[in-house]
**Student:** 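Please read through the structure below; I'll follow up with questions.
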Amino acid sequence: MIEDEYYEEDEAPRQPPLYLLTGLVIGLLLGLLISLVIAPVQVVDTSPFLLGEEEKDAYRLLIARAFQADQNLERARARLGLLRDNAAPQTLADQALRMQSNGGSEADIRALAELAAALSSPQSAASTQPAGLPTAPPGGEGENAGTPQTFPTLDLNQAVQTATPPPTPTSPPPTPRPTFTPRLLPTPLPTLGAPFDLVEQNAICETAQTPPRLMIEVQDSSGNPVPGIAITVAWDGGIETFYTGLMPSLGAGYADFDMQAGVVYSLRVGELSETINDLQAPACGEGEAAFTGSLRLLFRQR
Amino acid sequence: MRLRRLIWFVVMIGIGAAAGIFYGWVLRPTQTSDFALNTLRSDYKADFVLMTAEIYQKDGDLTAAISRLAALEETPPLRKVQQAILTGQQLGYARSDIETLAALFQGLQKGLPSLTPTAEP
């Protein structure tokens, strides 16, 4: 017995502890199997600003369509605030342009353009809404009239990652009550069906303006810029449709198109307006200083 | 001696498993953005459904509404709207918003008769 103990204690240090290493490896494999295959991490409870680009586009489009439906600019602004985009009007306009180049739905492009224009309008800028904090529109009728409306919480900074199975959904944390802000009037929209007339046509001879552009401004009957109006330009061998309001910094009713010198264009604003023919980039200057200028057209609704 | 080895063997398995789980659940998930719509928190999901309902109220296009709801997550549209109504009530949505959601719910019930609970014969 003494000899046995002697041998065991004497021999143990000389044997590499393979059983310990084997146990560790087995455990490690087991742990990896559990954490990567059986119960991998699942992300839940994220905020809109953590979405992927495609999802953000879908979210933004939904906001624009909802704005088109209810004309509630403050609500749209609050929703866009959830995406934490500092240049929301430009992002909307960029998305509209992307959709246009990808052959997206006309209604969707128009919705994005309208919202971009509404957010860029001076009326919208007059709002003192702090960035990122949604302001609810006035409540509906009855018991909720005039009371602030609760909106999704905005203070979540990161996603929560949980292992499978995810926790049972619980009621969301208390939502801060937004302050009441009077609802702004929506950006004026054109009267449906009324056509647009060409009221001004000017040649712009500025050397810095390259390439020559067809610059279009569309106004309603009161002279307010109108976003989201489809403008179709056709020439020998091509046709293109674009929309007003996609460059909010230049005006809600503004749109432009790069012209080619010597090419004759036809143009139509909206669906019911008359087609304007024989539009060409003007020749500016004389002799060696000659260059091709741009054309500015102003359309107003009847 | 064998028992002692067995105990240490089990302890090492436990340590290894803990390390593996720590790696899989804590160290490896490095994704902090680019999430899908179905990962949104329930109140954002409710607002997503509300936006869909607002559009539906305006254009009455049930197919488009279903398509928008499908982008949110895979659960049946009726359930999503139902869940949004419950969340909206919990969060104190304005009555008009709850009515908007309810209108979409009713539209879905009419448009998706197969999903409507029917009385037992």
Side-chain angles (χ1 to χ4, degrees), chain A residues 8 17 19-36 39-53 55 58-59 62-63 65-66 68-70 79 82 136-137 139-144 147 149-153 156 158-159 161 163 169 171-172 175, chain B residues 1 5-6 8-26 28-29 31-48 50-59 64 68 71-72 83 87-88 90-100:
Chain A
E8 277 178 9
Y19 69 101
L20 294 179
L21 199 64
T22 309
L24 194 68
V25 169
I26 290 172
L28 201 62
L29 291 175
L30 203 65
L32 290 174
L33 185 76
I34 291 169
S35 64
L36 301 179
V41 165
Q42 283 194 341
V43 178
V44 293
D45 291 352
T46 62
S47 296
F49 73 95
L50 294 169
L51 294 172
E53 283 310 310
E55 284 76 12
Y59 201 88
L62 196 66
I63 293 169
R65 293 301 299 259
Q68 205 177 35
D70 65 10
R79 284 169 170 159
L82 301 176
E141 299 82 18
E143 61 189 18
N144 292 308
T147 56
Q149 180 187 346
T150 310
F151 233 74
T153 326
L156 191 70
Q158 60 182 41
Q161 297 171 331
S171 58
T175 309
Chain B
M1 191 59 208
R5 283 188 176 198
L6 188 67
W8 274 110
F9 182 68
V10 172
V11 167
M12 291 314 282
I13 287 177
I15 291 171
I21 288 171
F22 182 76
Y23 172 78
W25 284 353
V26 181
R28 192 170 178 274
Q31 188 188 9
T32 53
S33 60
D34 293 344
F35 295 116
L37 286 167
N38 63 0
T39 63
L40 285 174
R41 211 173 56 194
S42 59
D43 51 348
Y44 295 125
K45 281 182 183 171
D47 191 45
F48 190 101
L50 177 60
M51 285 191 268
T52 306
E54 285 169 359
I55 301 165
Y56 170 71
Q57 200 174 37
K58 177 79 176 176
D59 64 13
R68 290 187 181 106
L72 184 60
Q83 186 59 47
T87 308
Q90 281 174 357
L91 293 174
Y93 271 24
R95 188 175 174 175
S96 56
D97 289 337
I98 298 293
E99 284 170 359
T100 304

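Within every chain, numbering begins at 1; the chains are lettered A, B, ... in the order of the sequence lines, protein sequences first and strands thereafter.
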**Student:** With respect to chain B, which residue among Pro48(A), Ser35(A), Ala58(A) yields the maximal number of heavy-atom pairs within a distance under 4.5 Å?
**Tutor:**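 The answer is Ser35(A).
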**Student:** If we ignore hydrogens and angles and just use 3.5 Å, is the side chain of Thr87(B) paired with the main-chain N or O of Asp43(B) as donor and acceptor?
**Tutor:**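 No, because the side chain of Thr87(B) does not come within donor-acceptor range (under 3.5 Å) of the backbone of Asp43(B).
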**Student:** Is a side-chain donor or acceptor of Trp8(B) paired with a backbone partner of Tyr19(A) at a separation under 3.5 angstrom?
**Tutor:**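 No; judged by distance alone, with no hydrogens or angles, the pair does not exist.
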**Student:** Taking side chain as everything from C-beta outward and backbone as N, CA, C, O, which of these in Ile63(A) sits under 4.5 Å from a heavy atom of chain B? Side chain, backbone, both or neither.
**Tutor:**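 Contact with chain B: backbone and side chain both.
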**Student:** Is it the case that the side chain of Thr39(B) and the backbone of Phe35(B) share a donor-acceptor pair, with hydrogens and angles ignored and the cut-off at 3.5 Å?
**Tutor:**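 It does not hold such a pair.
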**Student:** Checking Leu20(A) against chain B: side chain, backbone, both or neither under 4.5 Å from a heavy atom?
**Tutor:**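 For Leu20(A), backbone and side chain are both near chain B.
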**Student:** If you count heavy-atom pairs under 4.5 Å between each of Asp59(B), Thr100(B), Ile55(B) and chain A, which one has the most?
**Tutor:**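 Ranked by heavy-atom pairs under 4.5 Å with chain A, first place is Ile55(B).
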**Student:** For Asn38(B), is it the side chain, the backbone, both, or neither that has a heavy atom closer than 4.5 Å to a heavy atom of chain A?
**Tutor:**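 For Asn38(B), no heavy atom lies under 4.5 Å from chain A.
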**Student:** Minimum heavy-atom separation for Leu40(B) and Lys45(B), please, with both atom names.
**Tutor:**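 Residues Leu40(B) and Lys45(B), closest heavy atoms: O-CE, 3.1 Å.
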**Student:** Do Met51(B) and Tyr59(A) have side chains that approach each other closer than 4.5 Å (heavy atoms only, starting at C-beta)?
**Tutor:**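 When only atoms from C-beta onward are counted, Tyr59(A) and Met51(B) do touch, with a gap below 4.5 Å.
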**Student:** Should Glu54(B) and Lys58(B) count as an ion pair when the cut-off is N to O under 4.0 Å?
**Tutor:**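 Not counted as a salt bridge, because no side-chain N and carboxylate O are separated by less than 4.0 Å.
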**Student:** Count the heavy-atom pairs under 4.5 Å between each of Leu72(B), Thr52(B), Ile21(B), Val11(B) and chain A, then report the option with the highest count.
**Tutor:**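 Of the candidates given, the most pairs with chain A belong to Ile21(B).
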**Student:** Could you look at Ala19(B) and say if it's the side chain, the backbone, both or neither that has a heavy atom under 4.5 Å from chain A?
**Tutor:**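 Looking at Ala19(B), backbone and side chain both touch chain A.
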**Student:** For chain B, which candidate among Leu24(A), Leu21(A), Leu32(A) shows the most heavy-atom pairs at distances under 4.5 Å?
**Tutor:**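 Top count of heavy-atom pairs under 4.5 Å with chain B: Leu24(A).
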